[in-house]
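Okay, so here's the structure we're looking at.
Here is how names work: the chains are called A, B, and so on, in the same order as the sequence lines, proteins then strands, and each is numbered from 1.
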Number of protein chains: 2
Amino acid sequence: MVKAIEWIDGKVIMLDQSKLPFEVTFIECTDYRKVAEGIKKLWIRGAPAIGIAAAMGTALGAQDIKAGNFNEFMEALEPTFNELLSTRPTGVNIRWAMERVRSFLMRRRDEPVDRLKKLLIEEAKRILEEDIEVNKAIGRWGAEFIKDGDTILTHCNAGSLATGGYGTATAPIFAAKEQGKRFEVFVDETRPVLQGARLTTWELMQEGIPVTLIVDNAAGTLMKMRKIDLIIVGTDRTARNGDVANKIGTYTLAVLCKEHKIPFYVAAPLSSIDFSIASGEGIPIEERGPEEVTHISGRGDSIQIAPDGVRVRNIAFDITPHRYVTAIITEKGVFRPRDLKKLIRDDVNLEKLRIRPAAILSCNREPRRSYKTSSRGR
Amino acid sequence: MVKAIEWIDGKVIMLDQSKLPFEVTFIECTDYRKVAEGIKKLWIRGAPAIGIAAAMGTALGAQDIKAGNFNEFMEALEPTFNELLSTRPTGVNIRWAMERVRSFLMRRRDEPVDRLKKLLIEEAKRILEEDIEVNKAIGRWGAEFIKDGDTILTHCNAGSLATGGYGTATAPIFAAKEQGKRFEVFVDETRPVLQGARLTTWELMQEGIPVTLIVDNAAGTLMKMRKIDLIIVGTDRTARNGDVANKIGTYTLAVLCKEHKIPFYVAAPLSSIDFSIASGEGIPIEERGPEEVTHISGRGDSIQIAPDGVRVRNIAFDITPHRYVTAIITEKGVFRPRDLKKLIRDDVNLEKLRIRPAAILSCNREPRRSYKTSSRGR
């Protein structure tokens with residue numbers, strides 16, 4: 001399985017995703033500044049992955065510190081925290097990772113400095129391992145909803161590359177593959193930044209999964225042709241009512257799924273569900289500069305595709321209201337969006353809240369499976 | 001107004017669209033072979049425009065012919081017909097233009113050869129003028145459906161560049177501008193070939209129309225934000241039941257319009273309505289090679305954006321079933337899709353069949369206009 005980031009022999013090894021899919025280059029970081037550079041320059045991207053990178057960067061930064069006691073150690077570590085936090089100011093996961101590391105240290109203020117340095121490495125590695133465990137659990141729950149012979153559509157990259165490993169939207173795909181299921185995956189190219197075309201195709205091809213690239217415009221007609229059985233996407237942030245913020249284009253896919261009675265799943269680790277936000281209206285939507293639209297990067301270069309001076313509106317994410325979401329796949333099970341808010345209750349009965357594949361199949365009133373089988377000849 | 005093709009002083013002048021929007025270069029054709037090369041190399045594209053080019057190419061070819069009588073003249077003209085027909089074998093409009101020119105000549109078999117050569121030039125110019133007249137009529141009918149303050153979304157290029165002038169989908173936009181209406185246009189970039197980003201933005205900017213470029217993925221969320229009031233697209237071919245074949249992505253827009261109760265208009269000259277075809281199922285859908293998806297052309301170059309060897313499905317057009325089409329704008333008026341088939345009846349009462357803007361407004365049950373006005377502050 002592709003690894004976006006690892007800790008090996010006292011170094012952080014980062015796959016340079018800015019060169020994918022044309023060059024597979026690993027960058028060895030022996031200094032926290034190199035890790036920060038990697039986050040800034042998008043050698044590593046994806047919310048969980050940059051959280052892990054920030055934790056590993058801190059551990060790396062700690063190794064060079066000369067300090068006589070805990071307070072001196074923490075003070076010397078401050079520039080590391082600050083530089084990593086400044087790399088992607090809006091990155092929720094970097095802040096989360098820095099807070100976790102800081103409170104981890106605070107609880108161990110009586111340990112000698114040399115011991116703290118070692119513990120910090122262990123904690124960073126644990127953050128990576130926990131992320132993989134969460135994703136594997138998403139995979140186990142989600143794979144139940146993939147049937148033999150299915151064609152799955154995914155959007156953007158919520159794969160191994162965006163996480164510690166295994167991915168979120170891709171986790172059910174990898175798990176279904178391990179279970180020996182036969183299926184195909186269609187990947188939307190995902191303009192403007194083309195994470196689908198550049199990253200998701202590549203990482204699924206590495207695992208020998210049959211993958212077909214399409215332009216975003218083709219998803220609708222493929223659904224009408226009954227070539228898509230289900231959609232799985234990731235999420236940047238999901239509100240407690242189940243409204244999903246994700247890469248631009250996700251909402252369009254959800255509307256198309258409703259129109260064609262195709263299940264629309266969102267793979268969301270619990271850490272991406274923001275229980276403090278009541279609905280999608282509370283999630284700020286980033287609008288970015290025009291260059292991502294007017295210029296396209298590819299193998300070795302970037303080219304201009306639109307007239308000089310054209311006005312552009314580049315909305316980076318969209319909100320899919322919960323009523324379009326069939327189910328949300330978490331590490332604790334698969335739930336109806338409306339049940340998400342119950343997950344934080346002390347008396348929650350997960351077993352009762354979880355939904356089973358049979359509940360989804362009965363939603364599809366049209367005889368999709370038999371149609372599909374008879375049109376397989378192409 | 002931008003002119004894709006003109007006949008000036010015995011020459012065919014063609015705007016080289018393959019270099020747009022970065023270079024505005026005109027190619028002078030003094031030989032029919034140059035015209036054929038232009039159609040082949042996509043210096044000129046768009047169904048009506050290449051029909052006009054083929055007619056002008058024939059007129060050009062005729063001038064060099066030395067023939068003593070009508071039969072010798074027609075025989076000598078055969079290679080010109082054949083070469084032009086072979087440029088884009090599936091181009092319905094080239095065949096249509098060649099048949100029109102041939103039957104025009106057959107009806108004048110008694111004229112002297114020198115006179116036929118002159119008449120042929122006049123006929124080619126008439127084909128261009130008639131196309132512009134048709135488009136202007138589409139513009140007049142369609143502009144009634146554009147209100148002051150509207151934002152219009154269009155897809156691909158069904159503009160001046162694709163026709164003799166004025167365009168089809170753009171005609172109501174140009175007419176509304178001439179009527180002094182204030183409005184904005186959003187243009188979908190239209191992957192894979194990016195006709196929206198490269199051509200439609202450019203030609204609307206030439207006319208001083210406020211235009212904003214978006215990626216195809218952004219249309220859905222803009223509709224949810226109530227930033228789009230109506231959609232106008234062109235069509236490559238429309239069946240007599242009103243099912244519309246057009247550039248890939250059109251169907252997705254139509255589904256989004258239904259979901260958001262936004263009118264979805266198709267500008268279709270009667271020549272693009274194929275009354276011999278009962279429904280969209282009878283329209284063959286072209287699938288093209290993978291390079292349009294894996295590589296993108298831009299200023300001066302083309303770059304690769306997907307992994308080597310990735311499997312691609314590149315469906316060039318889609319069918320929008322008539323139930324998603326609010327109305328079809330023709331040169332004879334604006335009609336419900338279900339009424340198209342009545343247009344060829346001898347006893348048709350056009351006035352009775354035509355629909356008025358008031359009929360559309362009453363379809364939008366939600367108070368869209370007042371909402372729009374109050375959110376104009378951005």
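- Scanning both residues, A:S297 and B:I305, for their nearest heavy atoms gives O-CG2, 3.7 Å.
- Residue contact with chain B, scored on non-hydrogen atoms closer than 4.5 Å, involves the backbone and the side chain of A:D301 alike.
- No part of A:L199 comes within reach of chain B, as not one of its non-hydrogen atoms sits under 4.5 angstrom from that chain.
- A pairwise comparison of heavy atoms in B:A197 and A:P307 identifies O-CD, 3.2 Å as the closest pair.
- Of the atoms belonging to A:H155, it is side-chain heavy atoms, and not backbone ones, that fall under 4.5 Å from chain B.
- B:F264 pairs by the ring pair (Phe, Tyr, Trp, His ring centres under 6.0 Å) definition with nothing, not counting sequence neighbours.
- Rounding to the nearest 0.5 Å gives a distance of 3.5 Å between CD1 of A:I296 and CD1 of B:I296.
- Ion pairing between a basic and an acidic side chain is recognised when a charged N comes within 4.0 Å of a carboxylate O; B:R299 and A:D308 show such pairing.
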Under 3.5 Å, which donor-acceptor pairs link side chains of residues 204-212 of chain A to any protein atom two or more places apart or in another chain?
unit_1: A:Q206; atom_1: NE2; unit_2: A:W202; atom_2: O; d: 3.4
unit_1: A:T212; atom_1: OG1; unit_2: B:R311; atom_2: NE; d: 3.1

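- Interface remark: A:I315 contributes side-chain atoms only to the contact with chain B (heavy atom separation under 4.5 Å).
- There is no contact between A:K247 and chain B, counting heavy-atom distances below 4.5 Å.
- Contact of A:L194 with chain B is made through the side chain alone, with heavy-atom distances under 4.5 Å.
- For a residue to count as touching a neighbouring chain, one of its non-hydrogen atoms must lie under 4.5 Å from one of that chain's; by this rule A:E189 touches chain B with the side chain only.
- Judged purely by distance below 3.5 Å, without hydrogens or angles, the side chains of A:Y324 and B:E259 pair a donor atom with an acceptor atom.
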